[in-house]
Amino acid sequence: MFIDPDNPLAAEIQQEAGAAYFAGCKKMVASLEALSAFDRAVGSSAPDEEQVRRRSQLVDVAAECVHFVIIQRDAMQLAWSETFLDDYGVPADVRARIGHPQRKNR
């Protein structure tokens with residue numbers, strides 16, 4: 001994205017876009033960490049109904065956060081890497097829900 005260095009408004013817009021992108025990245029990483037922590041806490045035991053519901057909510061939140069970061073990257077015309085999702089350790093079930101609205105009635 002080309003920004004005219006002599007245009008202070010354009011530079012401020014670019015700064016705001018960068019700040020929003022990095023805030024989105026922080027939120028995405030936090031959501032992925034929350035899901036991972038939940039999975040570690042539950043471990044290999046058979047989850048009960050409440051745990052299944054909670055994990056599904058965490059997956060929905062993580063998918064939404066990842067989706068927002070992808071949209072921001074696209075809007076900012078940042079280069080796409082095929083390893084982006086792998087680099088952040090995005091699980092397969094989160095990837096499957098990217099771009100789908102969160103399910104209600106949980």
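The residues of the chain are indexed from 1 along the displayed sequence.
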Could you see if Val52 belongs to whatever hydrophobic cluster contains Val61? Use Ile, Leu, Val, Met, Phe, Trp, Tyr and a side-chain cutoff under 4.5 Å. no
Are Tyr88 and Val66 side-chain neighbours, meaning at least one heavy-atom pair lies under 4.5 Å? no
How far does CD of Glu33 sit from NZ of Lys26, to the nearest 0.5 angstrom? 12.0 Å
Here the side-chain hydrogen bond (donor to acceptor under 3.5 Å, both in side chains) pairs for residues 62-76, sequence neighbours left out, are Tyr21-Arg73, Glu64-Gln102
Do Ile71 and Phe22 share a hydrophobic cluster, counting only Ile, Leu, Val, Met, Phe, Trp and Tyr and linking them when any side-chain heavy atoms are less than 4.5 Å apart? no
Would a single hydrophobic cluster contain both Phe68 and Leu58, if residues Ile, Leu, Val, Met, Phe, Trp and Tyr are joined by side-chain heavy-atom contacts under 4.5 Å? no
With sequence neighbours excluded, tell me which residues meet side-chain contact (heavy atoms from CB on, under 4.5 Å) with Thr83. Ser81, Asp87
Kindly give the heavy-atom pair with the smallest separation between Arg95 and Leu85, and that separation in Å. NH2-C, 3.3 Å
Does Asp48 come within less than 4.0 Å of Arg54, counting only side-chain N to carboxylate O? no
Check the side chains of Gln51 and Arg55 for a donor-acceptor pair under 3.5 angstrom, ignoring hydrogens and angles. no
Smallest heavy-atom separation, Met28 atom then Cys65 atom, equals CA-CB, 3.7 Å
Point-to-point distance, once rounded to the nearest 0.5 Å, from CG of Leu35 to CD of Gln57: 12.0 Å
Minimum heavy-atom distance between Val69 and Cys25, given as atom pair plus value: CG2-N, 3.8 Å
Exercise: identify the closest heavy-atom pair between Leu32 and Pro91: CD2-CD, 4.0 Å
Starting from Ile13, walk the hydrophobic network (Ile, Leu, Val, Met, Phe, Trp, Tyr; side-chain heavy atoms closer than 4.5 Å) and list everyone else you reach, by chain and number. Leu9
Would you kindly confirm whether Ile70 and Val59 end up in one hydrophobic cluster when ILVMFWY residues are joined by side chain heavy atoms under 4.5 Å apart? yes
